[in-house]
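Taking it in order: structure first as structure tokens, then the write-up.
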Amino acid sequence: MTVNFSQSCEKNKIFILNVLKPLLKNRCHIVEIGSGTGQHARYFAEQLAHITWQSTERTLWISDLSEAISAFNGANLPAPLPLDVSEKEWPIGPCEVIFTANTLHIMSWNNVQQFFTGVANVLQVEGDLFIYGPFNYRGEYTSNSNKDFDQFLKRKAPHSAIRHFEAILALAKLAGLQLVDDYAMPANNRLLHFIRR
Ligand SMILES: C[S@@+](CC[C@H](N)C(=O)[O-])C[C@H]1O[C@@H](n2cnc3c(N)ncnc32)[C@H](O)[C@@H]1O
């Protein structure tokens with residue numbers, strides 16, 4: 001990530017909020033993994049004032065994120081925490097909700113596995129996990145634009161790829177997570193909602 005503004009974040013944040021809002025009315029603390037530019041964190045913290053939105057990011061990018069978060073100056077938006085999913089002990093938890101957007105297709109498959117191990121370690125029973133992004137189903141792209149995007153990702157970094165929904169489901173199951181909803185979102189994205197059982 002070398003930019004501090006994401007056009008796609010601006011477009012998708014409203015649609016994500018529409019799904020999250022009713023589901024989070026009784027929640028008060030969320031941890032976001034891979035907060036990037038901080039646009040989601042800032043917007044959701046503003047729109048969901050009853051929730052403390054804890055952003056996190058890899059050390060490499062955390063100073064950019066810290067700047068974006070401190071400019072917002074929201075009481076429910078604490079300073080970001082450094083967190084790489086490959087760390088054995090995440091510096092958070094127990095968590096009632098974990099949110100991540102557009103991260104699983106960027107990180108390596110090994111990191112995706114570590115992501116689910118980390119979630120299993122910190123997400124409390126009956127806690128929610130939300131994962132936003134593109135996925136393939138039954139081994140197929142869901143659109144030509146996702147196919148092009150996957151090729152673009154792989155040219156940039158061979159370890160990146162749109163993930164297979166079924167493989168994510170299998171990792172989630174191992175982590176004790178149950179899929180409760182799979183929302184179709186604009187631009188061929190999905191919002192997966194899991195609950196830790
Ligand atoms: C495309 S950006 C998405 C940022 C933001 N969530 C969004 O929706 O715009 C991918 C994010 O994944 C994060 N990421 C990649 N590998 C990671 C890892 N091993 N641990 C934690 N975050 C990681 C990157 O640092 C970056 O913030």
Side-chain angles (χ1 to χ4, degrees), residues 1-20 30-48 53-69 71-72 77 79-93 95 97-123 129-135 145-146 148-163 168 171 175 183 185-193:
M1 198 184 65
T2 51
V3 289
N4 51 20
F5 180 80
S6 156
Q7 190 56 46
S8 64
C9 253
E10 287 308 297
K11 286 190 184 151
N12 63 38
K13 65 186 188 182
I14 297 160
F15 299 100
I16 297 175
L17 178 72
N18 287 344
V19 175
L20 293 185
I30 294 195
V31 173
E32 180 182 7
I33 308 294
S35 300
T37 61
Q39 284 162 260
H40 281 150
R42 289 172 59 155
Y43 180 69
F44 296 142
E46 192 177 62
Q47 298 294 321
L48 304 166
W53 194 279
Q54 179 62 64
S55 57
T56 72
E57 187 46 82
R58 290 183 294 172
T59 313
L60 186 63
W61 304 116
I62 198 132
S63 62
D64 289 358
L65 176 62
S66 298
E67 221 172 280
I69 296 294
F72 178 74
L77 195 57
L81 293 171
L83 191 157
D84 189 305
V85 298
S86 63
E87 287 160 27
K88 258 205 155 46
E89 293 212 6
W90 290 8
I92 52 163
C95 304
V97 184
I98 295 177
F99 170 83
T100 196
N102 290 319
T103 53
L104 301 193
H105 59 266
I106 299 293
M107 56 181 73
S108 66
W109 182 247
N110 189 33
N111 282 166
V112 174
Q113 292 171 309
Q114 290 164 330
F115 169 82
F116 279 97
T117 304
V119 168
N121 288 338
V122 301
L123 187 63
L129 169 66
F130 295 97
I131 304 176
Y132 174 87
F135 293 96
S145 61
N146 275 4
D148 293 346
F149 182 52
D150 192 44
Q151 285 162 359
F152 164 79
L153 286 171
K154 286 169 177 158
R155 277 198 303 274
K156 262 183 94 179
H159 66 252
S160 296
I162 293 184
R163 304 301 171 195
I168 294 299
L171 286 183
Y183 297 91
M185 304 297 282
N188 305 300
N189 286 296
R190 315 293 301 186
L191 181 55
L192 309 181
H193 179 199

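First listed ligand is number 1; within each ligand, the first listed atom is number 1. Note that the structure is a prediction, hence the values are computed from the model and not measured.
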May I ask you to list the atoms of ligand 1 that are less than 4.0 angstrom from any heavy atom of Leu83? 21 (C)

Nearest neighbour of atom 26 (C) of ligand 1 from the list Gln114, Met107, Glu57, on a heavy-atom basis: Glu57

Numbering the atoms of ligand 1 from 1, which are under 4.0 Å from a heavy atom of Asn111? 19 (N)

Could you tell me which atoms of ligand 1, counted from 1 in the order shown, lie closer than 4.0 angstrom to a heavy atom of Trp61? 25 (O)

Classify the angle between the aromatic ring planes of Phe44 and Phe99 as parallel (below 30°), tilted (30 to 60°) or perpendicular (above 60°). perpendicular

Just which atoms of ligand 1 are under 4.0 Å from any heavy atom in Ala101? 3 (C), 5 (C), 6 (N), 7 (C), 8 (O)

Do any nitrogen or oxygen atoms of Cys9 lie less than 3.5 angstrom from nitrogen or oxygen atoms of ligand 1? no

Quick one, Tyr43 with Phe72, criterion side-chain contact (heavy atoms from CB on, under 4.5 Å). Give me CA distance, side-chain angles, the key distance, then yes/no. CA-CA 10 Å; Tyr43 180 69; Phe72 178 74; over 6 Å; no

Judged on heavy-atom distance to atom 12 (O) of ligand 1, which of Thr103, Ile62, Asn12 sits nearest? Thr103

Purely on distance, is any nitrogen or oxygen of Arg58 under 3.5 Å from one on ligand 1? yes

Closest candidate by heavy atom, reference atom 20 (N) of ligand 1, pool Val85, Thr37, Leu65: Val85

Answer yes or no: are there more than 12 heavy-atom neighbours, outside Phe149 itself, under 6.0 Å from its atom CZ? yes

What I'd like to find out is whether the side chain of Leu191 reaches to under 4.5 Å of the side chain of Asn189, using heavy atoms alone. no

Under a 4.5 Å cut-off applied to non-hydrogen side-chain atoms, are Leu129 and Phe115 in contact? yes

Parallel, tilted or perpendicular: ring planes of Phe130 versus His193, cut at 30 and 60 degrees: parallel

Does any N or O atom in Ile33 lie less than 3.5 angstrom from one in ligand 1, N or O only? no

Which one holds for Asn102 and ligand 1: side chain close, backbone close, both close, or neither close, with close meaning a heavy atom under 4.0 Å? both

Please classify the Gln39 to ligand 1 contact at 4.0 Å (heavy-atom distances, strictly less than): side chain, backbone, both or neither. neither

Contact partition for Asp84 relative to ligand 1, non-hydrogen atoms under 4.0 Å: both

4.5 Å side-chain heavy-atom contact, Val122 and Ile98: yes

Need the ligand 1 atom indices (1-based, order shown) with element for anything under 4.0 Å from a heavy-atom of His40. 8 (O)

Only pairs under 3.5 Å count here: list side-chain donor-acceptor contacts from residues 153-162, not counting sequence neighbours, and write none if there are none.
{"from": "Lys154", "atom 1": "NZ", "to": "Asp150", "atom 2": "OD2", "distance (Å)": "2.7"}
{"from": "His159", "atom 1": "NE2", "to": "Ile106", "atom 2": "O", "distance (Å)": "3.4"}
{"from": "Ser160", "atom 1": "OG", "to": "Ile106", "atom 2": "O", "distance (Å)": "2.8"}

Going by the closest heavy atom to atom 6 (N) of ligand 1, which one wins out of Gly34, Gly36, Ser55? Gly34

Taking every non-hydrogen atom, the tightest pair across Gln39 and Cys9: NE2-CB, 3.7 Å

Can you sort out the partners of Glu87 under salt bridge (Lys or Arg N to Asp or Glu O under 4.0 Å), two or more places apart, ordered by chain and number? none

